[in-house]
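Input: a single structure, listed below in structure tokens.
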Amino acid sequence: MSPRTDRSRRTPVARHGVLRSPNPLLQVLTVLGAMVAVAVISVSAVGAFAVWDAARAVSDAGVSIGDDDSQLPPSLGEIEGGVNMLLVGTDSCEGPNTALSGACQEGDTDGERNDVTMLVHISDEPRRVTVVSFPRDMIVPIPACAGQDGTEYSAMSAQMLNVSYMYGGLSCSVATVEKLTGVDIRFAAAIRWTGVINLSDAIGGVDVCVADDISDSHTGLNLTAGTHTLQGVEALQFLRIRHGIGDGSDLGRISNQQQFMSSMVRKLQSGGVLGNPATLLNLATTAVQQVTNGQLVLSQSLANPQRMVQIAMAVRSVPYEDIVFVQYPTAYASDGSHVLPLTDAADVLFEALAANQPLQLTGSTSDGYGTAVVGEAEQGSTDASATPAPTDSTAPDAGAGDGSTGQTPVALPSVITGQTAKQVTCTQAER
């Protein structure tokens, strides 16, 4: 089994490689937002033909991730059963993406990598959503993969997670996460930086909270303490930033991304996006354009408009407390730069997901001290203001998601950090 460490006593000073991570917000937005956009527009017959015809072009561009489901869904109702979907953000240096990365401009790159990797799990009834973020520098086994150019790569026992996309594209990243977690992944998507920016513009921005003034010369992002509405390049910078927040590591960046995604979910559900047909049409059209322009890749199973509708309908009204963002648990390796998976702790999480049990977070919001809880959000409100937060965010009831089912939540090990969409968090400056 993987090693265990006392995180309260370790010094989280690792700096994980060259900063090239894209924005994971729009990886979720790209898929879920576009799904809902297609669903609402199609059902309401507002521009339905144009969107549906474009969506057919998306279907033609889908890539195989192995066991693809080629059958059309029977109806536009909710998808039956649960959903496991892998979403990755890649650090491509092709085309307009080059201008967004100093490493690309300096030629300091080695292929296209999945610097952001997230597993979205949507449970069967009762519906719950869990998003698991995987540190890019985590050392994991990578199975044998075939590259996009036909090159065959042998299985590797210990490699950084973010090289899986470089070796075999989206299907290899899927196979790698399946091997690590034991989860059967049926849907997948990958997005590049330019796609992130365009989709961020389409949603109209997301509110983020910054506890202190932050400044990062690597991304060029400077924000004063307070609430900011970010979109476009600035949103991308916020989700790439690690220098200047928390402990300066990729682990701190993950919690920063989770703050962004939680705020985005609240905006989507509140009606700020889903209740605006013009925004939905713009979002769906933009998503299609990203596929056409090579900035967004979908699996064959996901590049199906009817399937998108079914998945969207399954997540449209999940309670905030049952939308949980967690980081796959890790411990620092002896080199202080890479991290190792804590599979015993992870097993508790994935066994709970398999049994469709609600989750209770017992640890902090951040493994890299990047965020802190400041309050709670009310369901259905567009107001990001928070009610007073508990003085101890690691108390047993912190982040408990039991909805209205009366089920007893599974207390996750404290080494599994994260937050729910109900918790409002703020990004903390580097200390």
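The shortest distance between side-chain heavy atoms of F325 and V265 falls below 4.5 Å. Proximity of L119 to V131: side-chain heavy atoms (C-beta onward) are nowhere separated by under 4.5 Å. Within the 4.5 Å cutoff, no side-chain heavy atoms of V291 are placed close to those of N293. For the pair V129 and D322, the minimum side-chain heavy-atom distance is 4.5 Å or more. Residues F238 and T219 fail the side-chain proximity criterion, which asks for heavy atoms closer than 4.5 Å. Residues L161 and T117 meet the side-chain proximity criterion, which asks for heavy atoms closer than 4.5 Å. Using a 4.5 Å cut-off on side-chain heavy atoms (C-beta onward), L230 and V206 make no contact. Here the side chains of M138 and L180 are in contact, with some heavy-atom distance below 4.5 Å.
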key: Verdict with reasoning, R431 to D212, per salt bridge (Lys or Arg N to Asp or Glu O under 4.0 Å)   = CA-CA 11 Å; R431 292 172 170 79; D212 318 285; 3.3 Å; yes
Stepwise side chain to side chain donor-acceptor pair (under 3.5 Å) check, S255 with T365 = CA-CA 7 Å; S255 61; T365 61; 5.9 Å; no
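Panel note: side chain Q295, backbone Q290; no donor-acceptor pair is recorded below 3.5 Å.
Ring pair H218/H243 is parallel by interplanar angle, where below 30° counts as parallel and above 60° as perpendicular.
Interatomic distance, L221 CG to S215 OG, rounded to the nearest 0.5 Å: 8.0 Å. Note: Y332 OH to D137 CG = 9.0 Å, rounded to the nearest 0.5 Å. Remark: L361 CG to Q423 CD distance equals 6.5 Å, nearest 0.5 Å. Note: D250 CG to Q257 CD = 7.0 Å, rounded to the nearest 0.5 Å. Atom CD of Q259 and atom CG of L239 lie 9.0 Å apart (nearest 0.5 Å). To the nearest 0.5 Å, atom CD of residue Q327 and atom OG of residue S366 are 7.5 Å apart.
Under the side chain to side chain donor-acceptor pair (under 3.5 Å) criterion, S173 pairs with S164, not counting sequence neighbours. Listed by chain and number, the residues in a salt bridge (charged side-chain N to carboxylate O under 4.0 Å, His left out) with D124 amount to none (sequence neighbours excluded). Under the side chain to side chain contact (heavy atoms under 4.5 Å, CB included) criterion, A352 pairs with Q357, L359, V410, sequence neighbours left out.
Side chains of D335 and S337: no donor on one and acceptor on the other come within 3.5 Å. Judged purely by distance below 3.5 Å, without hydrogens or angles, the side chains of D207 and T229 pair a donor atom with an acceptor atom. Looking only at atom types and distance, the side chain of D115 has a donor-acceptor partner in the side chain of N162 under 3.5 Å away. Checking Q419 against T425 by side-chain atom types alone, a donor-acceptor pair falls below 3.5 Å. N256 and T427 form a side-chain donor-acceptor contact under 3.5 Å, judged by distance and modelled atom types alone.
Contact detail for A188 and L302: the closest heavy-atom pair is O-CD2, 3.7 Å. Counting all heavy atoms, side chain and backbone alike, R113 lies closest to Y165 at C-CB, 4.1 Å. Nearest approach of P143 to T176, heavy atoms of both residues: CD-OG1, 3.6 Å. When every heavy atom of D213 is checked against every heavy atom of T224, the shortest pair comes out as OD1-CA, 3.2 Å. Nearest heavy-atom pair across A225 and A211 is CB-O, 3.6 Å.
Under the side-chain hydrogen bond (donor to acceptor under 3.5 Å, both in side chains) rule, H121 has a single partner from T130, N84, T181, which is N84. The one candidate from E125, R128, R127 that meets the side-chain hydrogen bond (donor to acceptor under 3.5 Å, both in side chains) condition with N356 is R128.
Between D91 and R136 there is no salt bridge, since none of the side-chain N atoms of the basic residue sits less than 4.0 Å from a carboxylate O of the acidic one. Between R192 and E112, at least one side-chain nitrogen of the basic residue sits less than 4.0 Å from a carboxylate oxygen of the acidic one, meeting the salt-bridge criterion.
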